[in-house]
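Notes to accompany the following structure.
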Amino acid sequence: MMLSGKKVVVVGGSSGIGLSTAELATREGAEVIIASRNADRLNAVAGTIGARAIPADVTSDKSVEDLFRACGPVDHVVVTAAQLKTGPFKTVAMEDVRGTLEGKLWGAWRVARSAEIRAGGSLTLVSGFLSIRPRPNSAIVSVANGALESLARALALELAPVRVNAVSPGIIDTPIRAAMPEAARRDMLAKTAASLPVGRVGVGEDVARQILAFMTIGFMTGSIVYLDGGALVT
Ligand SMILES: NC(=O)c1ccc[n+]([C@@H]2O[C@H](COP(=O)([O-])OP(=O)(O)OC[C@H]3O[C@@H](n4cnc5c(N)ncnc54)[C@H](OP(=O)(O)O)[C@@H]3O)[C@@H](O)[C@H]2O)c1
């Protein structure tokens, strides 16, 4: 098993890409800790996959510090936590804009500062396709994702010998779109699938496998991997 004897923390591990990553790391023999805000959901998920649960909110300095104090030294850290609020550039509430950055960008920043990662271990950030393929009404997500990719490159130098990488997913079918009306969600996913060379949207495990590659390939640092079913070339 690729991760036996390794300790892995997935911040955002109770759902979607984070949950798939935690599951895969567990299957590969790692001791896995998952963290997110909703303690009931976190505990339920941790019980199913055999991980340890530590509730944490990445928008709080103290909460992230407490999380990594409880974890101690670890081998690999992954940040998938995000709650995005977008809208038309001219009218979206500044509170929503700031909230999006507070979780997705500054959340990852806090994790990178607090985590004690052993030499040769890794930190993986998750950005997203909007950094390089922007869409109307989501400028703040483009900004957060672009900044995370820059942060991954900068930290690959500053935190060495810890390795730092980012994966930028395309459309992945996860609970992140749970608030969308079901018919509209299905229609969007079907249209996206039909537009892609691979003929489908992504699943959490597609991204999880890339994240495990970052953990296990000791030559990877400062890399941004665009994992989008071929969207970049369509
Ligand atoms: N799915 C896609 O199509 C897609 C595409 C491009 C990029 N991405 C990026 O991939 C990442 C993961 O997305 P996903 O689809 O896996 O989302 P998801 O299924 O909604 O999972 C998000 C996870 O983050 C946790 N979380 C949210 N806010 C948090 C906070 N303040 N502190 C701690 N934990 C928090 C959530 O749990 P709690 O709510 O209980 O805290 C949950 O465990 C995000 O950064 C997203 O922007 C996703």
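In listed order, ligands and their atoms are each counted from 1.
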When Val198, Asp173, Leu227, Val201 are each screened for side-chain contact (heavy atoms from CB on, under 4.5 Å) with Asp206, the one that passes is Leu227

Practice prompt. Verify salt bridge (Lys or Arg N to Asp or Glu O under 4.0 Å) between Arg27 and Glu205, making sure each step is shown before the conclusion.
Written response: CA-CA 12 Å; Arg27 289 210 299 271; Glu205 187 168 341; 3.6 Å; yes

the protein heavy atom lying closest to atom 43 (O) of ligand 1 turns out to be Ser14 OG, 2.7 Å

- contact_flag Gly107 ligand 1 heavy-atom lt 4.0 Å: no

Looking only at distance, does Gln83 have an N or O less than 3.5 Å from an N or O of ligand 1?
-> no

State whether the number of non-hydrogen atoms from other residues, nucleotides or ligands found under 6.0 Å of Arg133 atom CZ is greater than 12.
yes

Quick note on ligand 1: atoms under 4.0 Å from a heavy atom of Ile17 include exactly 10 (O), 16 (O)

Is there a side-chain contact between Ile17 and Ile176 in this structure, where contact means two heavy atoms from C-beta onward sitting under 4.5 Å apart?
no

Worksheet item: Does any N/O atom on Ile172 come nearer than 3.5 Å to any N/O atom on ligand 1?
Response: yes

| Are Ile34 and Val45 close enough that some pair of their side-chain heavy atoms sits under 4.5 Å apart? | yes

Between Arg110 and Glu102 (salt bridge meaning N to carboxylate O under 4.0 Å), is one present in this structure? yes

Honestly, for Ser168 the part within reach of ligand 1 (heavy atoms, under 4.0 Å) is neither

Numbered in order shown, the ligand 1 atoms found under 4.0 Å of a heavy atom of Ile171 are 3 (O)

among protein heavy atoms, the one nearest atom 11 (C) of ligand 1 is Thr80 O, 3.3 Å

Counting only heavy atoms not in Arg186 (residues, nucleotides, ligands), do more than 12 fall under 6.0 Å from its CZ? no

heavy-atom search around atom 3 (O) of ligand 1 in the protein gives Arg177 NH2, 2.6 Å

Any heavy atom of Val141 under 4.0 Å from ligand 1? The part involved is neither

Ser195 and Thr234 have their tightest heavy-atom pair at O-CG2, 3.6 Å

Notebook entry, point to check: Counting only heavy atoms not in Arg185, do more than 12 fall under 6.0 Å of its CZ?
Noted result: yes

Looking at Glu182, I'd like to know if its CD atom is crowded, meaning that more than 12 non-hydrogen atoms belonging to other residues, nucleotides or ligands lie closer than 6.0 Å.
yes

inquiry  = Regarding ligand 1, does Phe129 bring an N or O atom to under 3.5 Å of one of the ligand's N or O atoms?
reply    = no

query = Do Ser36 and Ser14 have side-chain N/O donor and acceptor atoms under 3.5 Å apart?
reply = yes

Of Arg118, Lys7, Arg163, the one forming a salt bridge (charged side-chain N to carboxylate O under 4.0 Å, His left out) with Asp75 is Arg118

So the atoms of ligand 1 within less than 4.0 Å of a heavy atom of Leu84 turn out to be 47 (O)

Ranked by distance from atom 35 (C) of ligand 1, the top protein heavy atom is Ala81 CB, 3.5 Å

the protein heavy atom lying closest to atom 37 (O) of ligand 1 turns out to be Arg41 NH2, 3.1 Å

With heavy atoms and a 4.0 Å threshold, my read on which part of Ala56 contacts ligand 1 is backbone

Per-atom filter on ligand 1: closer than 4.0 angstrom to a heavy atom of Gly170 are 3 (O), 4 (C), 5 (C), 6 (C)

**Request:** Could you tell me whether Ala35 and ligand 1 have an N or O pair separated by under 3.5 Å?
**Result:** no

A student checking ligand 1 against Gly16 at a 4.0 Å heavy-atom cut-off should list atoms 16 (O), 19 (O)

For atom 23 (C) of ligand 1, the closest protein heavy atom turns out to be Gly12 O, 3.6 Å

Item to check | Derivation of the side chain to side chain contact (heavy atoms under 4.5 Å, CB included) call for Leu151 and Leu125 | outcome: CA-CA 9 Å; Leu151 181 62; Leu125 308 182; 4.0 Å; yes

On a heavy-atom basis, the closest approach of Phe129 and Asn145 is N-ND2, 4.5 Å

Side-chain donor-acceptor pair under 3.5 Å between Ser131 and Glu149, yes or no? yes

The protein heavy atom nearest to atom 46 (C) of ligand 1 is Lys104 NZ, 3.6 Å

Under 4.0 Å from one or more heavy atoms of Pro175, ligand 1 contributes atoms 19 (O)

If we number the atoms of ligand 1 from 1 as shown, the ones under 4.0 Å from a heavy atom of Gly128 are 6 (C), 7 (C)

In ligand 1, the atoms that come under 4.0 Å of a heavy atom of Ser15 are 16 (O), 18 (P), 19 (O), 21 (O), 42 (C), 43 (O)

heavy-atom search around atom 14 (P) of ligand 1 in the protein gives Thr174 OG1, 3.6 Å

Looking only at non-hydrogen atoms, the one of Ser127, Gly202, Gly204, Pro55 nearest atom 8 (N) of ligand 1 is Ser127

